[in-house]
Amino acid sequence: MEQKADFVPLDESFFQQPTLQLAESLLGCLLVKETKEGTAAGFIVETEAYRGPLDRAAHSFNNRRTKRTEIMFHEAGRIYTYVMHTHCLVNVVTGEEGVPEAVLIRAVEPYEGIDLMFERRGGTSMKNLTSGPGKLTKAMGITMEDYGNRFDQRPLYITKGFTPEDISTGPRIGIDNSGEAKHYPWRFWVTGNQYVSR
DNA sequence: CAGCAGATAGACT
DNA sequence: GTCTATCTGCTGC
């Protein structure tokens, strides 16, 4: 009876929305990671959409299909983790089988397992704990182990959170060498939330 | 606030 | 073998 029944993963049909719409729908949802050290959870407050063939900023631009991007060609709801420099980033795969699109989770608001997150992140402030894509994966213990799993089942999954009052959009971050694509307003965040990366 | 080091996986010559 | 990358934290003006 140790098991918490509070967190019920979202149904897979949730992920079967157009990528831009899903990026917006994900705001306010609760991202949960269960490990043997404990459970860490946080509300998603910032996302970015990456749209395969059309999007120069996406790893899957021009349908580039490699070992790394392979998972983006799968059905919606898969987990795409990617190691960048010293950090791991986490994406939600969207689109139907064969359509390489994804949503990057850029920031969450800490909700449960906050002590555990501080332990993993070392000395830092509450505001700095999960306010960035590399920070949140470290705080929650998300790694390449999660690559290819599904967001509708443990140990890494998404469940219902709150409904954001107001949502902002703007250009994405960290894709300066992507030509035109860098101006696309495919970044979404909860307006005014202090855990948004910038 | 600009500049840069850090450290790993995968693409490309 | 070399180069780039969906970033972060620290240093020095």
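All values reported here derive from a predicted model rather than from experimental measurement. Just so we're on the same page: letters track the sequence lines, and every chain starts at 1.
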**Student:** For A:P171, which residues count as a side-chain contact (heavy atoms from CB on, under 4.5 Å) partner, sequence neighbours excluded?
**Tutor:**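 Per chain and number, A:P171 pairs via side-chain contact (heavy atoms from CB on, under 4.5 Å) with no residue.
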**Student:** Which residues pass the salt bridge (charged side-chain N to carboxylate O under 4.0 Å, His left out) test with A:E12, not counting sequence neighbours?
**Tutor:**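 Salt bridge (charged side-chain N to carboxylate O under 4.0 Å, His left out) check on A:E12 returns A:R150.
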**Student:** Rounded to the nearest Å, what distance is computed from the CD atom of residue A:E70 to the P atom of nucleotide B:dG10?
**Tutor:**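 One finds 13 Å between P of B:dG10 and CD of A:E70, rounded.
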**Student:** Please enumerate all residues that pass side chain to side chain donor-acceptor pair (under 3.5 Å) together with A:Y80, with sequence neighbours excluded.
**Tutor:**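 Checked A:Y80 against side chain to side chain donor-acceptor pair (under 3.5 Å); matches are A:H59.
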**Student:** What stem regions, each of at least 3 consecutive Watson-Crick or G-U pairs below 3.5 Å, can be found for DNA chain C?
**Tutor:**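 In DNA chain C, stems of three or more pairs: B:1-6 with C:7-12, B:8-12 with C:1-5.
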**Student:** Out of C:dA5, C:dC7, C:dT8, which has the shortest distance to the side chain of A:Y82?
**Tutor:**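 Nucleotide nearest to A:Y82's side chain: C:dA5.
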**Student:** Excluding sequence neighbours, so at least two apart, what forms salt bridge (charged side-chain N to carboxylate O under 4.0 Å, His left out) with A:E96?
**Tutor:**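 Applying salt bridge (charged side-chain N to carboxylate O under 4.0 Å, His left out) to A:E96 gives none.
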**Student:** I need the CG-P distance between A:D176 and C:dT4, as an integer number of Å.
**Tutor:**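 In whole Å, C:dT4 P lies 15 Å from A:D176 CG.
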**Student:** Rounded to whole Å, how long is the line connecting atom CG of A:L136 with atom P of C:dG9?
**Tutor:**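 One finds 12 Å between P of C:dG9 and CG of A:L136, rounded.
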**Student:** Round to a whole Å and report the spacing from CG of A:N177 to C1' of C:dT4.
**Tutor:**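 These atoms are roughly 9 Å apart.
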**Student:** Check every atom of C:dC7, C:dG9, B:dA11 against the side chain of A:R121 and return the nucleotide holding the closest atom.
**Tutor:**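 Of C:dC7, C:dG9, B:dA11, C:dG9 is nearest to the side chain of A:R121.
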**Student:** Tell me, which pairs form a ring-ring contact (aromatic ring centres under 6.0 Å, His included) where one or both residues lie in residues 91-123 of chain A, sequence neighbours left out?
**Tutor:**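 Every pair satisfying ring-ring contact (aromatic ring centres under 6.0 Å, His included) with a residue in residues 91-123 of chain A: A:F43-A:Y111.
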**Student:** For A:I175 and for A:T124, locate the closest nucleotide of DNA chain C by heavy-atom distance; then report the residue assigned to the nucleotide nearer the 5' terminus.
**Tutor:**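 By nearest-heavy-atom nucleotide position, the 5'-most residue is A:I175.
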**Student:** Got a salt bridge between A:R172 and A:E48, using NZ or NE/NH1/NH2 to carboxylate O under 4.0 Å?
**Tutor:**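 No.
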**Student:** With sequence neighbours excluded, what pairs up with A:A49 under the side-chain contact (heavy atoms from CB on, under 4.5 Å) test?
**Tutor:**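 In terms of side-chain contact (heavy atoms from CB on, under 4.5 Å), with neighbours along the sequence ignored, A:A49 is linked to A:T19, A:L20, A:A23, A:W186.
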**Student:** Give a yes or no on this: more than 12 heavy atoms of other residues, nucleotides or ligands lie within 6.0 Å of atom CD of A:E165.
**Tutor:**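 Not more than 12 within 6.0 Å, no.
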**Student:** Across the strands shown, which category fits A:A102 at heavy-atom distances under 4.0 angstrom: base, sugar-phosphate, nothing?
**Tutor:**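 Touches nothing.
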**Student:** Is the phosphate of B:dG10 approached by A:R64 (side-chain N or O, under 4.0 Å from OP1 or OP2)?
**Tutor:**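 Checking B:dG10 against A:R64, no side-chain N or O comes under 4.0 Å of OP1 or OP2.
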**Student:** What heavy-atom pair brings A:T66 and A:T69 nearest, and what distance separates the two atoms?
**Tutor:**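 Smallest heavy-atom distance, with atoms named: N-OG1, 2.9 Å.
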**Student:** Contact list please: residues 88-101 of chain A against DNA chain C, heavy atoms, distance less than 4.0 Å, in numerical order.
**Tutor:**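 Those residues whose heavy atoms fall under 4.0 Å from DNA chain C, taken from residues 88-101 of chain A in numerical order, are A:L89, A:N91.
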**Student:** Starting at CG of A:L104 and ending at P of C:dA5, how long is that distance when rounded to a whole Å?
**Tutor:**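 That distance rounds to 16 Å.
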**Student:** Heavy atom of residues 187-198 of chain A under 4.0 Å from DNA chain B: which residues?
**Tutor:**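 Within residues 187-198 of chain A, no residue comes under 4.0 Å of DNA chain B.
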**Student:** Given side chains that start at C-beta, do those of A:T81 and A:T137 come closer than 4.5 Å, heavy atoms only?
**Tutor:**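 When only atoms from C-beta onward are counted, A:T137 and A:T81 do not touch, as no gap falls below 4.5 Å.
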**Student:** With a 4.5 Å limit on heavy-atom distance, are the side chains of A:R187 and A:E46 in contact?
**Tutor:**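 The answer is yes, as the side chains (C-beta and beyond) meet within the 4.5 Å cut-off.
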**Student:** I want to check something: taking the side chain as every heavy atom from C-beta on, are A:L26 and A:I158 in contact at a cut-off of under 4.5 Å?
**Tutor:**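 Yes, close enough: below the 4.5 Å cut-off.
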**Student:** A:F61 near the nucleic acid: base, sugar-phosphate alone, or nothing, with a heavy-atom cut-off under 4.0 Å?
**Tutor:**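 Contact class for A:F61: none.
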**Student:** Compare every heavy atom of A:V45 with every heavy atom of A:V196, then report the nearest pair and how far apart it is.
**Tutor:**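 Smallest heavy-atom distance, with atoms named: CG2-O, 3.8 Å.
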**Student:** Considering only nitrogen or oxygen atoms on both sides, find all protein atoms under 3.5 Å from nucleotides 3-7 of chain B and state each distance.
**Tutor:**
from: B:dG6; atom 1: O6; to: A:H85; atom 2: ND1; distance (Å): 3.2
from: B:dG6; atom 1: N2; to: A:T86; atom 2: OG1; distance (Å): 3.4
from: B:dA7; atom 1: N1; to: A:H85; atom 2: ND1; distance (Å): 3.2

**Student:** To the side chain of A:K135, which of B:dC12, C:dG9, B:dG10 is closest?
**Tutor:**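 In terms of side-chain proximity for A:K135, the closest of B:dC12, C:dG9, B:dG10 is C:dG9.
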**Student:** Whole angstrom is fine here: how far is it from CZ in A:R120 over to C1' in C:dT8?
**Tutor:**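 Taking CZ of A:R120 and C1' of C:dT8, I get 18 Å after rounding.
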**Student:** Roughly how many Å is it from CD1 in A:I173 to C1' in C:dC7, rounded to a whole number?
**Tutor:**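 Taking CD1 of A:I173 and C1' of C:dC7, I get 11 Å after rounding.
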**Student:** Can you tell me the distance, in whole Å, between the CD atom of A:E48 and the P atom of C:dC7?
**Tutor:**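 Checked: the CD to P distance equals 8 Å.
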**Student:** If only side-chain N and O atoms of A:T66 are considered, is one of them under 4.0 Å from the OP1 or OP2 phosphate oxygen of B:dG10?
**Tutor:**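 No, outside the criterion.
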**Student:** For A:R121, enumerate each residue passing the salt bridge (charged side-chain N to carboxylate O under 4.0 Å, His left out) test, keeping only those at least two apart in sequence or located in another chain.
**Tutor:**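 So A:R121 forms no salt bridge (charged side-chain N to carboxylate O under 4.0 Å, His left out) with any residue.
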**Student:** Which residues pass the salt bridge (charged side-chain N to carboxylate O under 4.0 Å, His left out) test with A:R51, not counting sequence neighbours?
**Tutor:**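 Once residues adjacent in sequence are excluded, the partners of A:R51 under the salt bridge (charged side-chain N to carboxylate O under 4.0 Å, His left out) criterion are A:E101.
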